[in-house]
Q: 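Before I ask anything, let me first share the structure, which is written out below as structure tokens.
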Protein chains: 2
Amino acid sequence: MSNSQDTNRLAVGTAGSYSRADVVETALNILDEFGLADLSMRRLAGVLDVQPSALYWHVPNKQTLLALVADQIIDRAAVVNPDDFVKAGSLDWKARTLAEATAIRDGLLAFRDGAEVVSSTLALGLGAGEALARIRAGIDGFCSDAEVARVAAESILFLVLGQVWHEQQRMQADSLGVVAPAVGATPEDAQLANEDEVQRIDSFEFGIQLILDGLEKKLAATR
Amino acid sequence: MSNSQDTNRLAVGTAGSYSRADVVETALNILDEFGLADLSMRRLAGVLDVQPSALYWHVPNKQTLLALVADQIIDRAAVVNPDDFVKAGSLDWKARTLAEATAIRDGLLAFRDGAEVVSSTLALGLGAGEALARIRAGIDGFCSDAEVARVAAESILFLVLGQVWHEQQRMQADSLGVVAPAVGATPEDAQLANEDEVQRIDSFEFGIQLILDGLEKKLAATR
DNA sequence: ACCTGAACACCGTTCAAGT
DNA sequence: ACCTGAACACCGTTCAAGT
């Protein structure tokens with residue numbers, strides 16, 4: 001009856017009906033284990049041991065389901081404590097914004113195809129909206145112009161999503177044995193394959209820093 | 001025989017067999033008219049008046065087809081003339097890089113879902129690789145550190161793809177009547193709806209400028 | 001060289017009906 | 001409130017066979 005494969009029936013032996021949260025949770029499991037391409041409504045129904053049509057009682061369509069999944073991915077990203085960035089009485093806004101971006105990055109990396117799911121859902125203004133607000137909270141520590149803060153935060157978010165998505169695409173390509181070396185890679189880059197982890201993190205911070213430095217300069221000029 | 005709908009039989013009356021280029025061209029037409037969701041192998045075959053299986057003689061799978069489509073989108077972006085950015089004998093590398101980014105942006109906007117197609121193909125290193133090289137050519141006018149140039153160019157490319165994709169997603173969402181206001185939008189933003197075109201272009205340039213300014217500062221410090 | 005025909009193993013979504 | 005069963009209109013891909 002209770003076999004070890006049954007990890008999806010949340011609370012086995014309880015009343016046999018699912019909540020929307022259960023459906024989203026199971027979708028998240030499938031996503032992480034098998035990737036976005038294998039996250040179908042039919043497969044999800046199969047794991048829940050339910051007819052595909054049953055899902056449409058919990059969720060109006062697949063797009064909405066994916067938006068809810070994206071929402072969860074962002075919600076589960078680590079929270080940054082602003083107090084950690086108060087140095088000598090004043091807030092280090094650049095360090096804090098970088099920390100927010102890094103937390104979101106790690107949150108995206110925590111689920112297979114996380115960046116693609118969140119990106120493709122961005123226009124619906126769920127999960128990604130939360131991510132944007134977090135980055136913006138960091139910038140607001142220094143920037144009083146709301147329009148400037150919004151555009152800068154968007155830029156950082158696009159950068160985070162783009163980098164992580166690209167990275168996750170390459171993970172999949174690599175695991176499928178598709179050759180394709182890194183875009184823009186030179187032969188020298190290939191030799192650094194072993195230090196790949198380090199290289200990657202540096203690239204991430206570097207790009208964000210460019211934007212933060214650019215923003216700092218722009219704001220200093222208007223003072 | 002020749003009716004006005006027959007825009008796809010390239011060179012009507014010629015030998016009845018298609019080339020790979022014909023297949024890609026037709027795919028590009030479907031993409032632009034109906035969007036990525038409607039670009040299926042079966043539909044493409046239908047437009048070419050051929051069995052779906054016939055496509056697999058020209059192309060190994062759909063993913064490759066999409067990569068070729070992405071390639072074409074980038075190839076058709078306007079070319080920037082470096083000479084236009086020589087002022088008082090020296091090259092304005094920031095203006096040139098911005099021009100390259102803008103040309104790529106316009107190229108993506110020229111096809112429905114252009115940014116999504118190119119993004120989802122990025123890891124395969126076709127079309128997007130060309131785009132990266134173009135941005136990098138601008139940066140190389142000022143930056144001699146290849147690693148820095150590569151990462152900066154990647155950042156700009158992610159920014160361009162992210163912005164255009166988001167914009168194209170919103171176009172589709174708007175046309176389908178999905179409400180979802182702009183991510184991070186405030187009530188005041190809504191009042192500027194009529195000046196949307198201007199706002200959008202400003203946001204685009206602003207984000208790129210942040211990166212260029214950040215890069216300039218970083219390089220000035222290492223001198 | 002280029003394509004047909006048939007098949008395989010899938011999709012998302014709707015809707016009347018059940019409990 | 002939550003789900004079944006059956007159906008509709010699709011997918012991408014393979015492969016033997018044709019011309």
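Treat the numbers as computed from the prediction; the structure is a model and nothing was measured.
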Q: For the residue pair B:Pro52 and B:Arg42, establish whether any side-chain heavy-atom pair is separated by less than 4.5 Å.
A: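 B:Pro52 reaches B:Arg42 side chain to side chain.
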Q: Do you know which of B:Leu48, B:Leu28, B:Leu68 makes side chain to side chain contact (heavy atoms under 4.5 Å, CB included) with B:Val23?
A: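 It is B:Leu48; the other options fail the test.
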Q: Could you check whether A:Asn29 and A:Thr26, counting side-chain N and O atoms only, form a donor-acceptor pair closer than 3.5 Å?
A: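 No, because no side-chain N or O of A:Thr26 sits under 3.5 Å from a partner of the opposite role on A:Asn29.
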Q: Just so I know, are the side chains of A:Phe206 and B:Val148 near enough to count as touching, which here means a heavy-atom distance under 4.5 Å?
A: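 Yes. Closest side-chain heavy atoms under 4.5 Å.
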Q: Rounded to whole angstroms, how far apart are OH on B:Tyr18 and P on C:dC2?
A: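 Atom-to-atom, B:Tyr18 to C:dC2, this comes out as 13 Å.
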Q: Donor-acceptor pair, distance only, cut-off 3.5 Å: does the side chain of A:Glu100 make one with the backbone of A:Val80?
A: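 Side chain of A:Glu100 to backbone of A:Val80, a donor-acceptor pair under 3.5 Å: no, none is there.
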Q: Using a 4.0 Å cut-off on protein heavy atoms (strictly under), produce a 5'-to-3' string for nucleotides 7-19 of chain C with B for base contact, S for backbone-only sugar-phosphate contact, and - for none.
A: B---BBBBB----
Q: Rounded to the nearest Å, what distance is computed from the CG atom of residue A:Leu48 to the P atom of nucleotide D:dC3?
A: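 Atom CG in A:Leu48 sits about 9 Å away from atom P in D:dC3.
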Q: Rounded to whole Å, please give me the gap between CG in A:Asp22 and C1' in D:dC2.
A: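 Between C1' of D:dC2 and CG of A:Asp22: 13 Å.
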Q: Given C:dA1, is OP1 or OP2 found less than 4.0 Å from the side-chain N or O atoms of B:His58?
A: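 No, outside the criterion.
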Q: Considering only atom C1', compute the distance from D:dC10 to C:dA9 and round it to an integer number of Å.
A: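 These two C1' atoms come out 14 Å apart once rounded.
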Q: Examine C:dG5: is either OP1 or OP2 under 4.0 Å from a nitrogen or oxygen in the side chain of B:Gln51? Give yes or no.
A: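 For B:Gln51, the contact criterion (side-chain N or O under 4.0 Å from OP1 or OP2 of C:dG5) is met.
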Q: Please give the stem ranges for DNA chain C, sorted by first residue number, where a stem is three or more consecutive Watson-Crick or G-U pairs and both donor-acceptor distances are under 3.5 Å.
A: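 Stem segments, range with range: C:4-8 with D:12-16, C:12-16 with D:4-8.
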Q: Is there a side-chain contact between A:Arg43 and A:Phe34 in this structure, where contact means two heavy atoms from C-beta onward sitting under 4.5 Å apart?
A: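 A side-chain contact under 4.5 Å exists here.
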Q: Is the shortest side-chain N to carboxylate O distance from A:Glu147 to A:Arg150 below 4.0 Å?
A: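 Yes, A:Glu147 and A:Arg150 are salt-bridged.
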Q: Begin from the C-alpha positions of A:Arg134 and A:Glu130 and carry the test salt bridge (Lys or Arg N to Asp or Glu O under 4.0 Å) through to its verdict.
A: CA-CA 6 Å; A:Arg134 288 186 55 174; A:Glu130 250 308 292; 5.9 Å; no
